Amino acid sequence: MQVYKWTDSLKTNIDKIDNDHKMIISKAQELANAMSQGKGKQQIVETLGFLQKYVKTHFAEEEIMQQKAKFSDIEIHKKNHTYFINELDKLSAKIAQDPTSTVNVIELNRLISGWFMNHIQKMDVEVAKHINKNMNS
């Protein structure tokens with residue numbers, strides 16, 4: 001079972017972003033727990049619906065912060081956000097056709113554990129350094 005945990009390696013030192021990331025990680029852990037109890041098929045619809053709504057708002061807020069801080073690679077970051085949203089949308093369509101598919105649960109878990117966690121550690125932490133430097137100077 002995948003374990004999602006908040007660690008210092010995910011910390012951006014921007015409270016709003018960190019709190020959003022913690023919420024998303026918490027929801028991912030709820031799904032992982034449900035999977036280990038054989039309830040993943042029920043939980044996936046709820047988790048996916050939450051993610052589809054929540055990450056769009058979260059990504060938009062991140063992008064506004066990037067614009068205000070004049071982050072030079074904002075377009076690359078936006079493309080990464082768009083990729084994740086598109087993957088969630090594709091997965092949502094698959095789940096709508098077959099909500100009991102274990103493969104879909106595994107795919108959502110992979111998307112969160114692979115893409116999202118990596119995105120926070122590699123991209124968001126670096127962007128936050130720029131935002132913190134430029135917004136506080």
Side-chain angles (χ1 to χ4, degrees):
M1 176 180 83
Q2 177 71 35
V3 176
Y4 295 99
K5 266 176 111 168
W6 178 258
T7 65
D8 284 345
S9 68
L10 302 171
K11 197 171 190 177
T12 65
N13 294 314
I14 300 172
D15 289 342
K16 175 66 176 134
I17 291 174
D18 287 340
N19 289 336
D20 284 356
H21 289 166
K22 287 175 185 176
M23 175 65 76
I24 293 165
I25 290 167
S26 173
K27 284 292 186 184
Q29 187 58 50
E30 284 178 21
L31 177 60
N33 292 344
M35 286 172 58
S36 72
Q37 298 167 5
K39 299 176 185 172
K41 293 172 185 172
Q42 298 162 2
Q43 186 73 36
I44 192 170
V45 174
E46 180 185 322
T47 301
L48 188 57
F50 164 81
L51 286 174
Q52 283 186 290
K53 189 170 17 172
Y54 201 82
V55 297
K56 287 176 185 174
T57 301
H58 170 71
F59 288 162
E61 290 170 347
E62 274 188 2
E63 291 165 10
I64 289 168
M65 288 181 199
Q66 291 171 26
Q67 287 173 332
K68 287 180 180 178
K70 297 180 177 28
F71 180 61
S72 62
D73 289 334
I74 190 171
E75 290 307 317
I76 293 169
H77 209 97
K78 280 184 180 182
K79 284 180 184 174
N80 275 270
H81 288 167
T82 299
Y83 170 82
F84 187 76
I85 290 167
N86 288 341
E87 290 299 305
L88 283 178
D89 290 345
K90 285 182 209 172
L91 193 52
S92 179
K94 287 180 186 179
I95 289 167
Q97 289 185 334
D98 186 2
T100 62
S101 169
T102 302
V103 171
N104 292 333
V105 174
I106 292 168
E107 192 173 332
L108 179 58
N109 194 39
R110 178 200 52 78
L111 186 60
I112 296 167
S113 66
W115 188 92
F116 189 74
M117 299 299 276
N118 187 50
H119 177 80
I120 294 171
Q121 287 179 313
K122 298 229 163 66
M123 295 191 87
D124 285 350
V125 169
E126 287 305 311
V127 170
K129 288 177 188 175
H130 178 84
I131 291 170
N132 284 322
K133 179 181 172 189
N134 288 295
M135 299 297 275
N136 295 324
S137 51

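Because the structure is a prediction, the values reported are computed rather than measured. Each residue takes its place number in the sequence, starting with 1.
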For side-chain contact (heavy atoms from CB on, under 4.5 Å), just list the numbers for L10 and K5, CA-CA rounded to whole Å, side-chain angles, deciding distance to a tenth of an Å, and then say yes or no. CA-CA 10 Å; L10 302 171; K5 266 176 111 168; over 6 Å; no

With a 4.5 Å cut-off on side-chain heavy-atom distances among I, L, V, M, F, W and Y, is there a chain of contacts connecting V125 to M23?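 Each belongs to a different hydrophobic cluster.
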
Would a single hydrophobic cluster contain both V45 and Y54, if residues Ile, Leu, Val, Met, Phe, Trp and Tyr are joined by side-chain heavy-atom contacts under 4.5 Å?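 Y54 clusters together with V45.
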
Value rounded to 0.5 Å, distance of [atom1] in [X] from [atom2] in [Y]:
X    : Y    : atom1 : atom2 : answer
K27  : L48  : NZ    : CG    : 12.5 Å
L108 : S113 : CG    : OG    : 9.5 Å
Q66  : I74  : CD    : CD1   : 4.5 Å
I64  : I131 : CD1   : CD1   : 11.0 Å
I120 : H21  : CD1   : NE2   : 4.0 Å
K11  : I17  : NZ    : CD1   : 13.5 Å

Walk me through it: do R110 and W115 pass the test side-chain contact (heavy atoms from CB on, under 4.5 Å)? CA-CA 8 Å; R110 178 200 52 78; W115 188 92; over 6 Å; no

N/O donor-acceptor pair under 3.5 Å between T82 side chain and K78 backbone: yes

Strictly distance-based, threshold 3.5 Å: is any side-chain N or O of D18 a donor or acceptor partner for the main-chain N or O of T12?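 Such a contact is found between D18 side chain and T12 backbone.
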
Looking at Q97, I want to see if its CD is surrounded by more than 12 non-hydrogen atoms of other residues, nucleotides or ligands under 6.0 Å.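 At most 12 heavy atoms, drawn from other residues, nucleotides or ligands, come within 6.0 Å of this atom.
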
With a 6.0 Å cut-off (strictly less than), is the heavy-atom count around NZ of K22, excluding the residue itself, greater than 12? yes

Among H119, Q121, E126, find the one that has a side chain to side chain contact (heavy atoms under 4.5 Å, CB included) with M123.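 One option only clears the test, and that one is H119.
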
Distance only, no hydrogens: is a donor on one side chain within 3.5 Å (strictly under) of an acceptor on the other, for [X] and [Y]?
X    : Y    : result
N33  : Y4   : no
H81  : H58  : no
N134 : H130 : yes

Beyond-backbone contact of I112 with L51, side-chain heavy atoms, under 4.5 angstrom: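 Yes, close enough: below the 4.5 Å cut-off.
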
Search all heavy atoms of K90 against all heavy atoms of E87 and return the closest pair with its distance.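 In terms of heavy atoms, the two residues are closest at NZ-OE2, 3.0 Å.
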
May I ask you to decide whether D98 forms a salt bridge with K94, counting only side-chain N to carboxylate O separations under 4.0 Å? no

Mind checking whether F59 and F84 have parallel, tilted or perpendicular rings, split at 30° and 60°?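 Judged by the thresholds at 30° and 60°, the geometry between F59 and F84 is perpendicular.
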
Fit a plane to each ring of F71 and H77, take the angle between them on a 0 to 90° scale, and name the class: parallel (under 30°), tilted (30 to 60°) or perpendicular (over 60°).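 Aromatic pair F71/H77 classed perpendicular.
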
Test side-chain contact (heavy atoms from CB on, under 4.5 Å) on E62 and V127; report intermediate values, then the result. CA-CA 9 Å; E62 274 188 2; V127 170; over 6 Å; no

